[in-house]
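Working notes, structure below.
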Amino acid sequence: MTRYRLLMVAVLLLTGLSSCSKPMTTEQQIIATIRDMEAKIEDQQRRAFMEHLAEDFTGQNGAMNRDQVRALVVFQLNRHKNLQAQLFP
């Protein structure tokens, strides 16, 4: 087999294997999103973190909206230069 054919066979096998993987469950998608949010905030990426919050976000039983979360994130990032988040151990 030529090198090109060997490479093509390897690509086809990898493509076939990756297409066999199961889609993530809703729980797995939520956990992946939360982990991504943790990584963004730890990397001081406020805008990327905020992309995960809906425009009509409310929290704390309606006492906090998206703008207030943004203000809190900015405050915390400015106050603590090495902010770390951990939701799951």
Side-chain angles (χ1 to χ4, degrees):
M1 260 185 169
T2 66
R3 193 177 236 178
Y4 176 76
R5 283 188 181 184
L6 190 59
L7 179 62
M8 291 305 293
V9 169
V11 168
L12 289 173
L13 284 173
L14 288 175
T15 303
L17 289 175
S18 66
S19 65
C20 294
S21 64
K22 294 180 183 177
M24 290 194 308
T25 65
T26 302
E27 181 180 0
Q28 291 170 328
Q29 291 174 6
I30 291 169
I31 291 170
T33 299
I34 291 171
R35 292 200 189 281
D36 185 52
M37 291 174 77
E38 289 174 353
K40 299 296 185 211
I41 203 72
E42 288 176 0
D43 290 339
Q44 307 275 322
Q45 297 179 18
R46 176 184 58 86
R47 287 190 177 101
F49 172 83
M50 292 301 295
E51 288 176 0
H52 290 288
L53 295 182
E55 291 296 324
D56 61 348
F57 170 83
T58 59
Q60 302 293 325
N61 294 323
M64 182 175 268
N65 63 25
R66 189 177 196 276
D67 290 334
Q68 291 167 321
V69 171
R70 182 183 45 76
L72 178 64
V73 167
V74 168
F75 173 76
Q76 291 295 335
L77 290 176
N78 288 335
R79 187 169 181 214
H80 305 284
K81 295 300 179 188
N82 293 324
L83 187 66
Q84 292 185 339
Q86 181 177 4
L87 184 58
F88 301 108

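Quick note: residue numbers are just sequence positions, from 1.
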(request) Drop me the distance from M50's CE to M37's CE, to the nearest 0.5 angstrom. (result) 8.5 Å

(message) Nearest 0.5 Å, please: how far is CD in E51 from CZ in R46?
(response) 11.0 Å

(request) From the options L77, D43, V73, select the one residue that forms a side chain to side chain contact (heavy atoms under 4.5 Å, CB included) with F49. (result)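 Of L77, D43, V73, side chain to side chain contact (heavy atoms under 4.5 Å, CB included) with F49 is met by V73 alone.
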
(request) Apply the side chain to side chain contact (heavy atoms under 4.5 Å, CB included) test between I34 and each candidate in I31, D36, I30; give the one that qualifies. (result) I30

(request) Might you point out which heavy atoms bring R66 and L53 nearest each other, and give the distance in Å? (result)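 Taking every non-hydrogen atom into account, NE-O, 3.0 Å.
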
(request) For Q29 and M24, work out which heavy atoms get closest and say how close. (result) NE2-O, 3.3 Å

(message) Can a donor-acceptor pair be found, under 3.5 Å and without considering hydrogens, that links the side chain of N78 to the backbone of V74?
(response) yes

(message) I'd like to know if the side chain of Q68 reaches the main chain of N65, judged simply by a donor and an acceptor atom lying under 3.5 Å from each other, with no hydrogens or angles considered.
(response) yes

(message) Could you tell me if the side chain of M64 sits less than 4.5 Å from the side chain of L72, heavy atoms only?
(response)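 Yes, close enough: below the 4.5 Å cut-off.
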
